[in-house]
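Notes follow once the structure below has been shown.
Indexing begins at 1, ligand by ligand and atom by atom, following the structure's order. Here the structure is a predicted model, which is why all the values come from computation and not from measurement.
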Amino acid sequence: MASLTIEGLRKEFDRGTIVAVDDLDLEVEDGEFVTVVGPSGCGKTTTLRMIAGLEKPTEGSIYLGDDDVTSQSARERDIAMVFQNYALYPHKTVYQNMAFGLRMSTDLTKAERKEKVQWAAEMMGIEELLDQKPDELSGGQKQRVALGRAIVREPKVFLFDEPLSNLDAKLRTTMRAEIQQLQDELGITAVYVTHDQEEAMTMGDRIVILRDGELQQVGKPTAVYDKPANEFVGGFVGSPSMNFVDITARTSGDSLVLTDGDDFRFSLSPEYAANIDVVDGQDAVLGIRPEDVYTADPGEDGIETIVEVVEPVGSDNYLYLDIGPEFIARVSADIKPTMGERIEITFDESKIRLFDQETGASLLHYTDVPETPAPEA
Ligand code: ATP
């Protein structure tokens, strides 16, 4: 395995009218599993294809370990890619599909190739399928074969392009766990593209968030969740999404009052306000996650709101409140207000996030965002 470094990567299409990837820098440590997530068209696949050597960058460099591979063809790069549509040869058996890459790119003997395919097939639990053709297999089995075919080559880096999107929800969960287990066992360096933020959060050692070809944030899933660099990341990561309220910040001595000019009014202590970069009267966007919204205790000074919808989701209830276009409180299932009921809510101030209304950038200084430590060798 090897580390992967991307420097100033840019990809233009249609003579520069489309910028699919814009000045992307990324370092993936040896043995690290990095997930790349973002909305449709944000440049995930194009990034992956450039790393694989299937697309030529307009600008920038790609390194495998210390080797600059930017001008190498896909075949020359020691990288394996697993696709959403499996990309298996339909007329070859599972064995032939898995052995084919080895035959083309190594000078292993037939016996050595057989041994390797056997090893990868065992790893993926598909020994029984080696004589079958792809159209005799289920979606999950096909994806196991595609993974086995990638493993067998023992590449320096694995690239995954939405490999689980064609599978049903249950199988997706199983395969996620299998890929993670595989990573533990083989210590693979991987870049895994998905549009599913939950998948990205659960699988990645670190998560990369793209939007319109531009990097928004890179970090451990917990860091990205707790300390979003901007409003987009805050809203993209987590389900249900972070709530946003347009507010005006008013200084009051050393503390700060955040209000929408109506019922929404929350005071921050001087200690917390000291971390925030706003001036008196500045408009901003307050962010608070649904699980960080509480119903106020009797006598506690809460924000008055009306419950529009109560949605039970098993252990919790989602309360849709009449604050802004959509505002959800995730409360425990034993809190069951009726529709139309007036309740008071409050927050722990340390959970409040604040963003610039124009740029979306965080106005809160996250002084202690932990850096991802390099994985152990
Ligand atoms: P999705 O999740 O929908 O697969 P993505 O994040 O993988 O999207 P890309 O496929 O990388 O996004 O596309 C990024 C942008 O580049 C899009 O605007 C897309 O239309 C454009 N694009 C990609 N490939 C080409 C191409 N060959 N020619 C022209 N434009 C392209």
Practice task
For the residue pair Asp30 and Ser3, confirm or rule out a side-chain donor-acceptor distance under 3.5 Å.
Solution key: no
Exercise for the section: Check Ala333 against Gly314 and note the closest heavy-atom contact, atom names and distance. Expected result: CB-O, 3.6 Å
Practice task
Indicate whether any N or O donor in one side chain lies under 3.5 Å from an N or O acceptor in the other, for Ser239 and Glu198.
Solution key: no
Exercise for the section: Please state whether the rings of Phe355 and Phe244 are parallel, tilted or perpendicular, taking 30° and 60° as the class boundaries. Expected result: perpendicular
Practice task
Specify the protein heavy atom at minimum distance from atom 16 (O) of ligand 1: its residue, its atom name, and the distance to 0.1 Å.
Solution key: Ala20 CB, 3.3 Å
Problem - Residue, atom name and distance, where the atom is the protein heavy atom closest to atom 2 (O) of ligand 1 - result: Lys44 NZ, 2.9 Å
Handout entry: Minimum-distance protein heavy atom relative to atom 23 (C) of ligand 1
Key = Phe13 CE1, 3.4 Å
Practice task
Output yes when a protein non-hydrogen atom is found under 4.0 Å of atom 25 (C) of ligand 1, and no otherwise.
Solution key: yes
Problem - Proximity winner for atom 3 (O) of ligand 1, if only heavy atoms of Gly213, Cys42, Ser40 are counted - result: Ser40
Completion exercise
Minimal heavy-atom distance between Ala200 and Ile207, with the atoms involved, is CB-CD1, 3.7 Å
Completion exercise
Closest to atom 8 (O) of ligand 1 among protein heavy atoms sits Gly41 N, 2.8 Å
Handout entry: 4.0 Å heavy-atom contact, Gly43 with ligand 1
Key = yes
Handout entry: Nearest non-hydrogen protein atom, atom 19 (C) of ligand 1
Key = Ile18 CG2, 5.0 Å
Problem - Distance-only polar pair, side chains of Asp348 and Ser350, donor-acceptor under 3.5 Å - result: yes
Practice task
May I ask you to check if ligand 1 and Thr45 share an N or O to N or O distance below 3.5 Å?
Solution key: yes
Practice task
Identify whether the distance between the nearest side-chain nitrogen and carboxylate oxygen of Asp196 and Arg176 falls below 4.0 Å.
Solution key: yes
Handout entry: Nitrogen or oxygen atoms of Thr46 and ligand 1 under 3.5 Å apart
Key = yes
